[in-house]
> 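One structure follows; several queries about it will come next.
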Amino acid sequence: MPTRPTSAWRFLSNQRSFYFHSRYLMTPSPSDQTLLDQEQVRREKLARLRAAGIDPYPPRVQRTHTIAQVLHQYQAGTLDDDATVALTGRLIARRVMGKLSFGHIEDGTGRIQIMVRRDVLGPERYNQFFKKDLDLGDIIGVQGTMTVTKTGEITCLVHDITLLAKALKPLPDKWHGLSDPELRQRQRYLDLLANPQVRERFRVRARIVRALRDYLDSEGFLEVETPILQPIYGGAAAEPFITYHNYLHQRLYLRISFELYLKRLLVGGYDKVYEIGRDFRNEGISRKHNPEFTQLEFYEAYTDYVGVMNRTEEMVAYVVKEVTGGYTITWQGHEIDFTPPWPRIPLRQAILEASGIDYDQYPDAESLRQAMRARGIDAPSDASRGKLIDKLLSHFVEPTLIQPTFLIDYPLDISPLAKRKPGTKDVVERFEGFVAGMELCNAFTELNDPLDQLERFLEQGRALEAGDKEATPVDMDYINALSYGMPPAGGFGMGIDRFAMILADQDNIREVILFPHLRPETRDEPPTSPS
RNA sequence: GGGCCGGUAGCUCAGUUGGCAGAGCAGCGGACUUUUAAUCCGCGGGUCGCAGGUUCGAUUCCUGCCCGGCUCACCA
């Protein structure tokens, strides 16, 4: 509901009134005056039911089949014609035609038609309980036998109905569902309840995560869990969320990546590790960014970024096949083909072709900045050469990379954990994978030279002091770990949310995060008393 | 933060070149024993986001603000 009423009465009749009450007045149940007409009616029905000795929220349920099971068994002929089944679900449609009614109920596995006959249920139960006291949205149990209607729909002929949970608020539009974007996110339960395609979308997301685990487990990777609360953050260029441990009097950061912990495990002797979990970055929210997002990182000893590229193709193609059944998908009208191999283009070449700028001809930040500004591109004065290159990438190249593509060989100063490419001064063995105009993953040959790493950390530390909020602090324990010898390795990180966007054909990250970060509702101040 | 678009019934949306506010669904009452967006008859439901201004009269025009979406900037 987009309205922002300010007068008290209007405010209290608004859907948000319950939040308002619970948050500011600590009154869990709004008074009768705050209810919508339809809520008022449902409360009266509730009272009537209670008066008739019916518990509207009974503690136990009788169920013999899920809806999917009963449909399957009936179709397969493994259900006796006169077998009594007990099904449960939300009443989502009701068509009353005199002494005979149809409806649909829906549980987590599917929906099924129910047929309710006055002569079967009994006139009292039919006229009062089924027709009057039940509402769309109520959770009910039905007991009956299976049959097929004239139109051929498998249907439960209802012998009895049990109320399992009374719904006190009306459902959104049964045909259009719920479309108000703010309501859909703030009350995701309503979105899910009203929009089956949204429910399906999060099943797709779950299948993605499971397929990734299947792949990595079968390849001999060990799944691990590393700290979310970290005394020193690192592993990415990002500003962290800061928190505090009261008993240790310790400042802690919510992790921005898992990288430094996972590579410690390579030192410890695990050759293949991965983690799937949440990262937190204290930055803007956009179509492609949420402050907390789900990341997969894996590290593999005795390989390099070429080996990781091969594995990335294999893993992503495997997941796409598992989730969608094929290697080609449609995303926002584009056909995207994940069949390996994917093009591998040097970053320098990609930028040159897209923007006409060959950054190798501008060996320092200042000259590159001039070249960019000469072409009318916004080039901040405080950006390093690497950051300027990154800007060229995201501005000119990234939006054009719809088909899966690797860009390889990145500037060293924005890749402080990646190994230098032999024969170069400021290029590292790093790649990023792009799909659907988005960066999907980022990987490199891991830097395992402790002294080089220390130098890079010190450089980062200087940038941090100089005001680069995305630079990371020096992690001396990580240097210590490397000093015991870390095997040569390749590492990989991928944004699961973005992968889900692609496979679920969505163009906003909010659509694949159940509860995306939203502005707080504090704008709804309690109304001041009328003067 | 800039630009563009939007906020009308519980939901989905029309509409008013300034003159009593509309539909479908949902709700309420009634009819109906094979419907499936059931159908038919009747009824209730609104501070048209908020506040000012112009006007005989503002939901409509103007200004400011709030909220949301898209987009640019910022930001992996």
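Reminder, nothing fancy here: chain letters follow the sequence lines and each chain counts from 1.
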> Among all residues two or more places apart in sequence or in another chain, which pass the side-chain contact (heavy atoms from CB on, under 4.5 Å) test with A:Asp413?
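Here the qualifying residues are A:Ser384, A:Pro411.
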> Considering only heavy atoms and no angle criterion, is a donor-acceptor pair shorter than 3.5 Å present between the side chain of A:Asp173 and the base of B:G24?
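By the distance-only test, yes, there is a pair.
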> Measuring to OP1 and OP2 of B:G69, would you say a side-chain N or O of A:Arg510 lies under 4.0 angstrom away?
yes
> Only pairs with both distances under 3.5 Å count, Watson-Crick or wobble alike; so what is the partner of B:C65 in this structure?
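By the stated definition (distances under 3.5 Å), B:G49 pairs with B:C65.
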> Rounded to whole Å, please give me the gap between CG in A:Asp180 and P in B:U8.
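These atoms are roughly 8 Å apart.
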> Examine the side chains of A:Arg510 and A:Asn290 and answer whether a donor and an acceptor come within less than 3.5 Å of each other.
no
> At under 4.0 Å between heavy atoms, what does A:Lys387 touch on the DNA or RNA strands: base, sugar-phosphate, or nothing?
nothing
> Could you tell me how far B:G64 sits from B:U17 if I compare only their C1' atoms? Round to whole Å.
26 Å
> Please enumerate all protein N or O atoms sitting under 3.5 Å from an N or O of nucleotides 72-74 of chain B, with distances to 0.1 Å.
from: B:C74; atom 1: OP1; to: A:Asp378; atom 2: OD2; distance (Å): 3.0
from: B:C74; atom 1: OP1; to: A:Lys391; atom 2: NZ; distance (Å): 2.8
from: B:C74; atom 1: OP2; to: A:Lys391; atom 2: NZ; distance (Å): 2.9

> Does A:His159, at its NE2 atom, have more than 12 non-hydrogen atoms belonging to other residues, nucleotides or ligands within less than 6.0 Å?
yes
> Restricting to pairs with a member in residues 371-404 of chain A, which pass ring-ring contact (aromatic ring centres under 6.0 Å, His included), not counting sequence neighbours?
none
> Rounded off to whole Å, could you give me the CD1-to-C1' distance for the A:Ile92 and B:C25 pair?
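Nearest whole value for this atom pair: 15 Å.
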> Checking base pairs now: Watson-Crick or wobble, both atom distances under 3.5 Å. What partners B:U39?
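Answer to the pairing question: B:A31, which forms a Watson-Crick or G-U pair with B:U39.
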> Output the rounded distance in Å from CD (A:Gln187) to P (B:G68).
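For the pair A:Gln187 CD and B:G68 P, the rounded distance is 15 Å.
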> How many whole angstroms separate atom CG of A:Asn442 from atom P of B:C75?
17 Å
> Considering Watson-Crick and G-U wobble pairs with both distances under 3.5 Å, what does B:A14 pair with?
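Base-paired to nothing in any strand shown.
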> Rounded to whole angstrom units, what separation is found between the CD atom of A:Glu182 and the P atom of B:U12?
12 Å
> Grab the CE-P distance between A:Met115 and B:U34 for me, whole Å please.
10 Å
> Once you apply the 3.5 Å cut-off to both distances, tell me the Watson-Crick or G-U wobble partner of B:G44, or none.
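B:G44 is paired with nothing.
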> With sequence neighbours excluded, give me every salt bridge (charged side-chain N to carboxylate O under 4.0 Å, His left out) pair touching residues 124-134 of chain A.
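Qualifying pairs, neighbours excluded: A:Arg48-A:Asp133, A:Arg125-A:Asp160.
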> Counting only side-chain N and O atoms of A:Lys169, is one of them less than 4.0 Å from OP1 or OP2 of B:C11?
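No.
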> Report which part of the nucleic acid A:Thr149 touches: base, sugar-phosphate, or nothing (heavy-atom distance under 4.0 Å, all strands).
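Base contact.
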> Tell me, please, whether A:Phe130 has A:Arg94 positioned over its six-membered ring: NZ or CZ under 6.0 Å from the ring centre and within 45 degrees of its axis?
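Yes, a cation-pi geometry.
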> Assuming nearest nucleotide by heavy-atom distance, tell me which of A:Asn282 and A:Thr155 is located more 5' along RNA chain B.
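The 5'-side residue here is A:Thr155.
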> Using a heavy-atom cut-off of under 4.0 Å over every strand shown, decide if A:Asn508 touches base, sugar-phosphate, or nothing.
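Result for A:Asn508 = sugar-phosphate.
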> When you get a sec, tell me which of B:G27, B:A37, B:G10 is the closest nucleotide to the side chain of A:Pro170?
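For the A:Pro170 side chain, the nearest candidate turns out to be B:G10.
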> Taking atom P in both B:G68 and B:U63, what distance in whole Å separates the two?
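Between the two P atoms, the distance is 23 Å.
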> Measure from the side chain of A:Pro172, starting at C-beta and using heavy atoms only, and say which of B:C11, B:C28, B:G69 lies closest.
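Nearest listed nucleotide: B:C11.
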> For B:A73 and B:A14, measure between their C1' atoms and round to the nearest Å.
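Going atom to atom, C1' in each nucleotide, I get 37 Å.
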> What interatomic distance, in whole Å, is found between P of B:U47 and the corresponding atom of B:A9?
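Each nucleotide's P atom is 8 Å from the other's.
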> Tell me whether A:Asp468 is salt-bridged to A:Arg462, with the criterion being a basic N under 4.0 Å from an acidic carboxylate O.
no
> Distance check needed: B:U34 P versus A:Leu100 CG, whole Å only.
6 Å
> Among residues at least two apart in sequence or on other chains, which ones pass ring-ring contact (aromatic ring centres under 6.0 Å, His included) with A:Phe492?
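Here the qualifying residues are A:Phe298.
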> Taking ring-ring contact (aromatic ring centres under 6.0 Å, His included) as the test, write out the residues that go with A:Phe406, two or more places apart.
A:Trp342, A:Phe431
> With both distances under 3.5 angstrom, what nucleotide forms a Watson-Crick or G-U wobble pair with B:C70?
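Pairing partner, where one exists within any strand: B:G3.
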> Look at all strands and tell whether A:Arg42 reaches a base, only sugar-phosphate, or nothing, counting heavy atoms closer than 4.0 Å.
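Since no nucleic acid heavy atom lies under 4.0 Å of A:Arg42, the category is nothing.
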> Using atom P of each nucleotide, how far apart are B:G44 and B:G22 to the nearest Å?
12 Å
> From CD of A:Gln113 over to P of B:U34, roughly how many Å is that when rounded to an integer?
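Atom-to-atom, A:Gln113 to B:U34, this comes out as 13 Å.
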> Can you work out whether A:Lys99 or A:Arg430 has the more 5'-proximal nearest nucleotide on RNA chain B?
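By nearest-heavy-atom nucleotide position, the 5'-most residue is A:Lys99.
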> Is A:Arg287 touching bases, backbone alone, or none of the nucleic acid, heavy atoms closer than 4.0 Å?
sugar-phosphate
> Measure from the side-chain heavy atoms of A:Phe102 and tell me the nearest of B:U12, B:U33, B:U34.
B:U34
> Tabulate atom names and distances for all N/O pairs under 3.5 angstrom spanning the protein and nucleotides 38-40 of chain B.
from: B:A38; atom 1: OP1; to: A:Lys174; atom 2: NZ; distance (Å): 2.0
from: B:A38; atom 1: N6; to: A:Val96; atom 2: O; distance (Å): 2.9

> Would you say that A:Glu292 contacts A:Phe241 through its side chain, given a criterion of any heavy-atom pair below 4.5 Å between the two side chains?
no
> Please measure how far the P atom in B:G46 lies from the corresponding atom in B:C72, and state the result in whole Å.
42 Å
> By the 4.0 Å heavy-atom rule, please label A:Gly103 as base, sugar-phosphate, or nothing.
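A:Gly103: no heavy atom of the nucleic acid under 4.0 Å.
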> Here's a test for you: under side-chain contact (heavy atoms from CB on, under 4.5 Å), which of A:Gln460, A:Lys263, A:Arg430 qualifies with A:Leu417?
A:Lys263
> At under 4.0 Å between heavy atoms, what does A:Arg184 touch on the DNA or RNA strands: base, sugar-phosphate, or nothing?
nothing
> Not counting sequence neighbours, list each pair that qualifies as a salt bridge (charged side-chain N to carboxylate O under 4.0 Å, His left out) and has a residue in residues 101-116 of chain A.
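Non-adjacent pairs meeting salt bridge (charged side-chain N to carboxylate O under 4.0 Å, His left out): A:Arg63-A:Asp107, A:Glu106-A:Arg111, A:Glu106-A:Arg199.
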> Check every atom of B:G68, B:G27, B:C13 against the side chain of A:Ser179 and return the nucleotide holding the closest atom.
B:C13
> Determine the interatomic distance between P on B:U60 and the same-named atom on B:G69; round to the nearest Å.
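Going atom to atom, P in each nucleotide, I get 24 Å.
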> Go through the N and O atoms of the side chain of A:Glu153 and the base of B:U35, and report whether any donor-acceptor pair is under 3.5 Å.
no
> Could you measure between the two P atoms, the one in B:G18 and the one in B:G57, and give it in whole Å?
16 Å
> Not counting sequence neighbours, which residues clear side-chain hydrogen bond (donor to acceptor under 3.5 Å, both in side chains) with A:Asp390? List them please.
none
